[in-house]
Number of protein chains: 2
Amino acid sequence: MKLEKAAAQLEALGNPTRLQLYRVLVRAGDDGLAVGSVQGKLDIPSSTLSHHLKRLVDTGLVTQERQATTLICRANYPGMNALIGYLADECCADAICAPAVGKALA
Amino acid sequence: MKLEKAAAQLEALGNPTRLQLYRVLVRAGDDGLAVGSVQGKLDIPSSTLSHHLKRLVDTGLVTQERQATTLICRANYPGMNALIGYLADECCADAICAPAVGKALA
DNA sequence: ATTCAATTTCGAAAATTATGGAAATAGCAT
DNA sequence: ATGCTATTTCCATAATTTTCGAAATTGAAT
């Protein structure tokens, strides 16, 4: 993973609303959640939600799939794993941390 | 870890300059690096560097220790571990990921 | 074709962040 | 006290982000 991409993903998650949004999607599991359902849970205007969602999709942390008029959103676990891996490998020299996590994600 | 704190740390790391800066500190290891040395490595104006550094310190990702006129900066590994742990536990429901990393960091 | 529901795009204002020169401060040595 | 080095704070500017109402779009159903 390139530093630029990692930074973009970190920035995407580095907003309370988006982090909360991402968490909601994670908890929804493999079934995902329609944009409208997410809106119901978070209670933010649809246009604001759409912008935040786009940011997560653009950085590769969330995927979307059309089902008729509704858009199903899913947390992209491999993307998150790659990011955690980057942090562990590139940004955590602690002997206790980096090798252990690196192995766990392998 | 609270969502707010995690978001603040993610945002701090979500800037290419600051992520690079953090990486430099990680690579410096336990000896840390003086602000001036960091500046030499990254080649950015001191006032800009100071702002970015402050952000990392404020969010708990970097610590500083005075040695006469120079300030030694160190990556705060426990802080990073806590953040990685948060991401793994709260934001990564993937069966392959969360439990494994959680155990590795325990 | 019209309607309805779901979602995005447009457009614009407010807030925050990034950047860096210049001045201020801190600590030590002379 | 003066000077020197290291670093921060002050200040201003430019750029980006956040927010969200209103209008446009998409897709299905009548």
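A note on names: the letters A, B, ... follow the listed sequences, proteins ahead of strands, and every chain is numbered from 1.
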Contacts under 3.5 angstrom, residues 13-22 of chain B side chains, donor-acceptor by atom type, not counting sequence neighbours:
from	atom 1	to	atom 2	distance (Å)
B:Asn15	OD1	B:Thr17	N	3.0
B:Asn15	OD1	B:Arg18	N	3.1
B:Arg18	NE	B:Ala12	O	2.6
B:Arg18	NH1	B:His52	ND1	3.1
B:Arg18	NH2	B:Glu11	O	3.4

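- Across all strands, A:Thr48 comes closer than 4.0 Å to base atoms (heavy-atom distances).
- A:Lys5 meets the side chain to side chain donor-acceptor pair (under 3.5 Å) test with no other residue; sequence neighbours excluded.
- For B:Asp58 and D:dT8, the CG to P distance is 11 Å, given to the nearest whole Å.
- A 4.0 Å heavy-atom criterion places the boundary nucleotides of DNA chain C facing chain B at C:dT17 to C:dC28, written 5' to 3'.
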Step-by-step side chain to side chain contact (heavy atoms under 4.5 Å, CB included) determination, B:Cys73 to B:Leu33: CA-CA 5 Å; B:Cys73 307; B:Leu33 221 51; 5.6 Å; no
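- Distance CD (B:Gln39) to P (D:dT8): 10 Å, rounded to an integer number of Å.
- Contacts of A:Gln67 with the nucleic acid, taken as non-hydrogen atoms under 4.0 Å apart, are absent.
- Checking D:dG27, D:dT8, D:dT19 against the side-chain heavy atoms of B:Leu71 singles out D:dT8 as nearest.
- For A:Lys41, there are no side chain to side chain donor-acceptor pair (under 3.5 Å) partners, not counting sequence neighbours.
- Counting any heavy atom pair closer than 4.0 Å across all strands shown, B:Thr70 reaches sugar-phosphate atoms only and no base atom.
- Taking B:Gln67 as the reference, nothing meets the side chain to side chain donor-acceptor pair (under 3.5 Å) condition, with sequence neighbours excluded.
- Non-hydrogen atoms lying under 4.0 Å from DNA chain C are contributed by A:Ser50, A:His51, all within residues 49-57 of chain A.
- If you take CG of A:Leu19 and P of D:dT18, they are 13 Å apart, rounded to a whole angstrom.
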